[in-house]
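To start, the structure under review is shown below, and the notes come after it.
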Amino acid sequence: MAMTGDASTVEKEILTRYRARTVGSKALHEEAQEYLPAGDTRAATFFEPYPTYMAAGDGAWLRDCDGNRYLDLLNNFTSLVHGHAQPDIVEFAADQLTRGTVFGTAAEPQVALAKLLIERVPSIEMLRFTNSGTEATMMMMRAARAYTERDIIVKMDGGYHGSHDFVEVSVRADLEASSQPAARLEGRGVPEAVLNAVMIAPFNDLAAMEALLKQHHERIAGIIIEPMPNSGGMVLPAPGYLRGLRNLANAYGVLLLFDEIVTLRLSSGGFQAIEDVQPDMTAVAKIIGGGFPVGAFGGRKEIMQLFNPMVESESLFHSGTFNGNNMTMTAGLEAMRRLDEATIERINGLGEKLQDRINAIFKTLGIRALCLGYGSLQQIHWTDEPLVTLADARRAGEDTGKLRELLQLELLNRGVYTSNRGMFCVSTPMREQEIDLALAAVEGALGQLKPYMREAAPRLLRD
Ligand SMILES: Cc1ncc(COP(=O)(O)O)c(C=O)c1O
C-alpha cells in the first residue's frame, strides 16, 4: 500500500528511531547475511529492516549489542519461563558441564526429569526425550500410526506443531474455510505425498470433526491439537470442546494427541489439567529444558512400550545423538522444580493483568482490537469480534498494512522485546512493576500508531 500523509510519517519516524538505536545490529546483520540466509537460523526470528542482535540476558531483561535494554516479553517464544541466566539453573548447569555434557549411553539426569514430568502430567505414563518440539510431535505422530496401524493424522486448520513435513500442512488457516477445509501444503519442498497422511479440521468445531471421523475413521490414527493454539492466536477452546474431542476419539477408536509444547507452562499438569481432559499422548518441549534445546513425547504405557526392544520384537526406532543429554536434563530439572503451582499462579495472574489492562487501553484509545489468551500467554488481535476458529484469528490480521511490524519496532524503541505476532509471555522474574512498564510502552506505541491506523486500517478506529 502506498503511504501518504500521517501514515508514512509515523512509519518513517519509527524506522528512523529504530535504525538510530541499533547501528551495531545493522552492522552485524550485514556481516551475518554473508554466511546465513537472512542472517539467522530461524524463520520466526527474522524481521525487517533487520533483527535486533541481543548480546546478553539477565532475568526479565535483554541487552542488545548497542547497549539498549529491553524487557523480554517473548522469552524465546515462551520457552524461558524463568527468564535469562536464572542463578540456580546456571549453577546446576555449570556443575554438570564440568562432569560431562553427554556420555553416549544412558545417564541418571534424564530419569529425574522424566519422573517429575510423569508425576505432574498424569496422562504421561512413560516418555522419551528429543532435542526439539518438532521431533517430539514427529515421534508422537509416528507412534500413533504404529499403534493404530493407520496412516492419517487429523490436524487443525491453522495449527502449528513444528517444521517436519507432516505438520507443514495448512499452518495458515484457510480464509475461505468451509467446515471441511482441504489440506494444503504450506512450504516449498514438502512432498505432495504427505497429503495422503494428513487431514484438516477447523478448531472449535465438533460437528466438523465428527463428520470427518464418521467418514474416514478406519484410516485415521489420531487427532493432533494444541489445546490453546499459540501461533494460531491463543484462541481459547470453547467450553466442552476438548472434552468433546476426547469423546469423539473414544467413539471412533482414534488417538487424541495433545501438543502442550507451549501450554505446559499454564498449570503444572498443562492445559489438559485445566480442562480435565486426558489425551492418549502428549508432546512437550520449551520450558522443560531450562533454556537448552529439548522436546519430549509420552503417553499411555501401552503405546510408549512400542519403543522398548525388550517388549516388542520390532520396536519403533527412535534416536538422536543429544537426546536426554546431561546439560538439558540438569537445567530442565531445576527449571521445572522452580516452577511450582504457586509460581505458575503468580505469573498467570500477571498475564491476566496484562490482558485486562491492554483491553482497557484499546477501549480508551478507541481501537477495535483485543488481547486474548490464558494466564502467562497473551496475544493482540486486530479485531474486537470474538474469535472461534483459527481462520477468524488469521482474518483479524488481514488488511492492517504494516501495523504488526511497526508495533514490534515501536515497542523495541520503547524498550520492550516481542515478536511481530504481538505475543506477550510473562516469565517468573517479572513483577508488577515490569508489567506496568510493558503497559506504558504498549499504550505509548498504540497512541503513536493511531494516525497510521487511520490511513492503513481505518476499520480499527471507532471514530
Ligand atoms: C505448539 C508448538 N509445537 C511445536 C513446536 C516446535 O518446537 P521446536 O521449535 O522446539 O521444534 C512449537 C515451537 O514453537 C510450538 O509452538
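Note that the structure is predicted; figures quoted are calculated from it, not measured. Just so you know, these numbers use all the heavy atoms, side chains as well, and skip hydrogens, waters and symmetry mates. Counting starts at 1 for both ligands and their atoms, in listed order.
Ring centroid separation for the pair F129 and F322 does not come in under the 6.0 Å cut-off.
At a 4.0 Å heavy-atom cut-off, ligand 1 does not touch E135 at all. Counting heavy atoms closer than 4.0 Å to ligand 1, residue T78 contributes nothing at all. With a heavy-atom cut-off of 4.0 Å, T134 touches ligand 1 through backbone and side chain alike.
A donor atom on one side chain and an acceptor atom on the other are found under 3.5 Å apart for T330 and Q96. Between the side chains of R265 and S376, at least one donor N or O sits under 3.5 Å from an acceptor N or O. Between the side chains of H82 and T428, at least one donor N or O lies within less than 3.5 Å of an accepting N or O. When only modelled atom types and interatomic distance are considered, Y374 and T263 share no side-chain donor-acceptor pair under 3.5 Å.
A salt bridge is absent between R243 and E275: the closest approach of a Lys/Arg side-chain nitrogen to an acidic carboxylate oxygen does not fall below 4.0 angstrom. Salt bridge K353/D356: absent, no basic N to carboxylate O contact under 4.0 Å.
Not a single heavy atom of F77 sits less than 4.0 Å from an atom of ligand 1.
Scanning P227, S132, G133, G295 for the heavy atom closest to atom 7 (O) of ligand 1 points to G133. Considering each of G162, G159, A44, the one bringing a non-hydrogen atom nearest atom 5 (C) of ligand 1 is G162.
Remark: ligand 1 atoms within the under-4.0 Å shell around heavy atoms of V262 are 16 (O). Of all atoms in ligand 1, listed by their number and element, those nearer than 4.0 Å to a heavy atom of E226 are 1 (C).
The single protein non-hydrogen atom nearest to atom 14 (O) of ligand 1 is K286 NZ, 2.7 Å, given as residue, atom name and distance. In terms of protein heavy atoms, atom 12 (C) of ligand 1 is closest to Y160 CE2, 3.6 Å. For atom 16 (O) of ligand 1, the nearest protein heavy atom (residue, atom name, distance) is N230 ND2, 3.2 Å. Of all protein heavy atoms, the one lying nearest to atom 3 (N) of ligand 1 is D259 OD2, 2.7 Å.
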Donor-acceptor contacts under 3.5 Å from residues 293-309 side chains, at least two apart:
{"residue": "R300", "atom": "NH1", "partner": "D280", "partner atom": "OD1", "Å": "2.8"}
{"residue": "R300", "atom": "NH2", "partner": "Y147", "partner atom": "OH", "Å": "2.9"}
{"residue": "R300", "atom": "NH2", "partner": "E302", "partner atom": "OE1", "Å": "3.1"}
{"residue": "E302", "atom": "OE1", "partner": "Y147", "partner atom": "OH", "Å": "3.3"}
{"residue": "E302", "atom": "OE2", "partner": "Y147", "partner atom": "OH", "Å": "3.0"}
{"residue": "Q305", "atom": "OE1", "partner": "N308", "partner atom": "ND2", "Å": "3.0"}
{"residue": "N308", "atom": "OD1", "partner": "M310", "partner atom": "N", "Å": "2.8"}

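Looking only at side-chain heavy atoms (C-beta outward), L266 and M228 come within less than 4.5 Å of each other.
There is no protein heavy atom less than 4.0 angstrom from atom 9 (O) of ligand 1.
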